[in-house]
Amino acid sequence: MSAPETSPSRHADAADPHDRLFIAGAGIGGLTAALCLAREGRAVTVLERAETLAPVGSGLQLSPNAMHVLRGLGLEEELRRHAVAPEAIRILSARSGKDLARIPLGAHAEARYGAPYLVIHRGNLQETLLRAARACPDITLRLGADLRDARQSADGVTLEIETAHGTDHLSGAALIGADGVWSVTRRRIMGLRQAVFSGRTAYRAVIPIDRIPEEWRKVTGLWLGADAHVVHYPLSSGRQFNIVALVKEDWHEETWSAPAARADLLARLEGWPPACRTLLEQPESWLKWALCGMEPGMSWINGRFALLGDAAHAMLPFAAQGAAMSIEDGAAIARNLARTPDPVKALKGYQSERQDRAERVLRLARSNDRVYHLGGPLALARDAVMRSLPPERLLARFDWLYGWRPPE
């Protein structure tokens with residue numbers, strides 16, 4: 001999927017340039033925010049440093065809290081065509097190979113939370129958001145636009161961007177940094193600290209589902225082991241299968257993602273149950289990512305500058321909520337900018353609304369990091385507790401998270 005730089009529409013041109021909002025980053029959070037802002041009648045320019053947008057990545061989980069936002073944007077029907085609604089999360093022990101618990105999802109979760117729990121390829125989600133953004137007259141998408149600097153005053157913001165044609169200067173009301181873990185907005189423009197390596201690496205692969213035993217094709221599998229865990233689930237309307245292995249290890253690569261050897265991964269999970277190792281043997285090639293995160297308590301705003309998604313609160317993927325939190329952020333920042341004329345007050349309202357919840361999820365991910373990776377007697381105690389809890393109670397523990405809906 002590629003496209004040339006998109007020019008402003010006639011409708012967007014008619015807007016007062018001083019009221020225009022800028023979003024750095026055309027990822028999931030940035031595009032969601034742009035669509036939510038446009039729904040409120042705001043003119044938005046999305047700046048993306050990449051020359052083209054390709055459907056890259058692997059799988060992610062869209063829990064009901066995220067789906068409520070995407071439904072409000074009219075995207076649910078298209079997303080369902082690409083996604084799978086797993087029947088359950090099946091949790092297994094990497095020590096014994098036995099089932100520990102089964103958390104019901106599917107129709108049960110949809111009835112409980114009013115929206116589906118889906119798993120989807122990241123590329124399909126971004127492609128859906130991108131099509132909607134290109135169809136919206138209030139959104140201008142500028143590809144190949146590298147944000148170099150930004151300044152603010154009492155009247156607005158001025159941005160400096162580099163393009164293939166040289167340097168350009170843009171003026172508007174506010175800048176929203178949705179530019180990911182290595183956010184230029186956070187580091188260069190707002191002068192805030194960078195994300196740090198967690199000591200864990202994620203190995204990811206996507207393969208045709210016909211190579212996978214039938215028992216795994218309708219559920220999310222979660223294997224818990226000492227210092228490692230494995231997650232897998234179906235993708236692409238059940239045509240593909242996503243496998244992620246998360247291990248404790250140092251990072252010696254020159255970049256934060258790199259190709260990985262199947263043999264290296266299997267060596268790190270030596271002694272794991274044959275059923276899990278059989279799955280891990282299927283992909284011929286793997287990619288690995290260094291997992292990085294932020295500490296809680298950092299400010300996301302500075303006057304007319306704000307951060308959302310991973311740029312604000314990059315978290316470890318042990319709660320499967322990175323994309324969902326970005327989507328929630330996008331809806332919240334639009335809601336606050338729509339109801340408060342002053343962008344500075346609106347962005348303060350956005351942080352006030354979102355920070356406690358996002359950081360609660362960040363702490364949940366850290367807690368899961370400890371619980372998932374226990375060994376010895378502590379792992380035996382964890383397993384016993386999981387086996388003793390009824391499935392309904394296991395799901396109810398997520399009511400505060402999955403039961404969220406955008407405020408009216």
Side-chain angles (χ1 to χ4, degrees), residues 8 12 14-27 29-47 69 138-140 142 145 147-161 168-180 183-194 294-314 325-359 406-408:
D16 184 341
H18 296 292
D19 290 334
R20 177 168 293 277
L21 300 166
F22 295 103
I23 298 175
L31 291 173
T32 300
L35 289 165
C36 290
L37 284 163
R39 184 177 57 178
E40 300 291 348
R42 299 301 301 268
V44 189
T45 294
V46 180
L47 305 170
V69 175
D138 283 318
I139 297 176
T140 301
R142 296 193 63 173
L147 179 64
R148 306 298 298 170
D149 197 7
R151 301 182 184 279
Q152 62 177 317
S153 67
D155 299 322
V157 297
T158 302
L159 279 55
E160 178 183 310
I161 62 172
D168 199 359
H169 294 87
L170 309 171
S171 296
L175 169 65
I176 301 164
D179 42 354
S183 170
V184 170
T185 310
R186 183 181 68 226
R187 184 184 72 252
R188 184 184 302 167
I189 294 170
M190 297 176 65
L192 300 174
R193 62 183 180 271
Q194 191 59 284
M294 300 292 298
E295 295 289 333
M298 183 187 76
S299 178
W300 305 353
I301 60 170
N302 178 357
R304 293 172 180 265
F305 300 148
L307 304 172
L308 68 76
D310 284 348
H313 45 69
M325 288 299 103
S326 295
I327 290 166
E328 286 188 19
D329 285 352
I333 206 164
R335 186 165 51 251
N336 280 273
L337 283 164
R339 69 188 180 198
T340 305
D342 181 354
V344 175
K345 291 182 179 179
L347 296 178
K348 286 181 180 178
Y350 152 70
Q351 178 171 275
S352 178
E353 176 184 334
R354 289 293 303 155
Q355 191 161 27
D356 286 349
R357 176 171 168 82
E359 292 186 353
E408 294 294 335

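Please read all numbers here as calculations on a predicted model, not as lab measurements.
- Checked against salt bridge (Lys or Arg N to Asp or Glu O under 4.0 Å), Arg188 has no partners two or more places apart in sequence or in another chain.
- Listed by chain and residue number, Arg366 satisfy the salt bridge (Lys or Arg N to Asp or Glu O under 4.0 Å) test with Glu295 (two or more places apart in sequence, or in another chain).
- Scored by the side chain to side chain contact (heavy atoms under 4.5 Å, CB included) test, Ser299 finds Ile301, Gln351 as partners (sequence neighbours excluded).
- For Arg186, the side-chain hydrogen bond (donor to acceptor under 3.5 Å, both in side chains) partners are Gln194, not counting sequence neighbours.
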Can you give the donor-acceptor pairs under 3.5 Å from side chains of residues 38-45 to other protein atoms, not counting sequence neighbours?
| residue | atom | partner | partner atom | Å |
| --- | --- | --- | --- | --- |
| Arg39 | NH1 | Gly72 | O | 3.0 |
| Arg42 | NH1 | Leu337 | O | 3.4 |
| Arg42 | NH2 | Asp19 | O | 3.0 |
| Thr45 | OG1 | Arg20 | NH1 | 2.7 |

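- Partners of Tyr350 by ring pair (Phe, Tyr, Trp, His ring centres under 6.0 Å), not counting sequence neighbours, listed by chain and number: Trp300.
- With sequence neighbours excluded, no residue satisfies side chain to side chain contact (heavy atoms under 4.5 Å, CB included) with Pro341.
- Remark: Asp310 engages Val181, Ala314 in a side chain to side chain contact (heavy atoms under 4.5 Å, CB included) (not counting sequence neighbours).
- Judged as a salt bridge (Lys or Arg N to Asp or Glu O under 4.0 Å), and not counting sequence neighbours, the contacts of Arg151 are Asp149.
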Let me have the donor-acceptor pairs involving side chains of residues 325-332, under 3.5 Å, with sequence neighbours excluded, atom names and distances please.
| residue | atom | partner | partner atom | Å |
| --- | --- | --- | --- | --- |
| Ser326 | OG | Gly322 | O | 3.3 |
| Glu328 | OE1 | Arg354 | NH1 | 2.5 |
| Glu328 | OE1 | Arg354 | NH2 | 3.2 |
| Glu328 | OE1 | Arg357 | NE | 2.8 |
| Glu328 | OE2 | Asn65 | ND2 | 2.8 |
| Glu328 | OE2 | Arg357 | NE | 3.4 |
| Glu328 | OE2 | Arg357 | NH2 | 2.9 |
| Asp329 | OD1 | Arg354 | NE | 2.7 |
| Asp329 | OD1 | Arg354 | NH2 | 3.1 |
| Asp329 | OD2 | Gly309 | N | 2.8 |
| Asp329 | OD2 | His313 | NE2 | 2.6 |

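- The salt bridge (Lys or Arg N to Asp or Glu O under 4.0 Å) search around Glu353 returns Arg335, Arg339, not counting sequence neighbours.
- In this view, Ser352 satisfies the side chain to side chain contact (heavy atoms under 4.5 Å, CB included) rule with no residue, not counting sequence neighbours.
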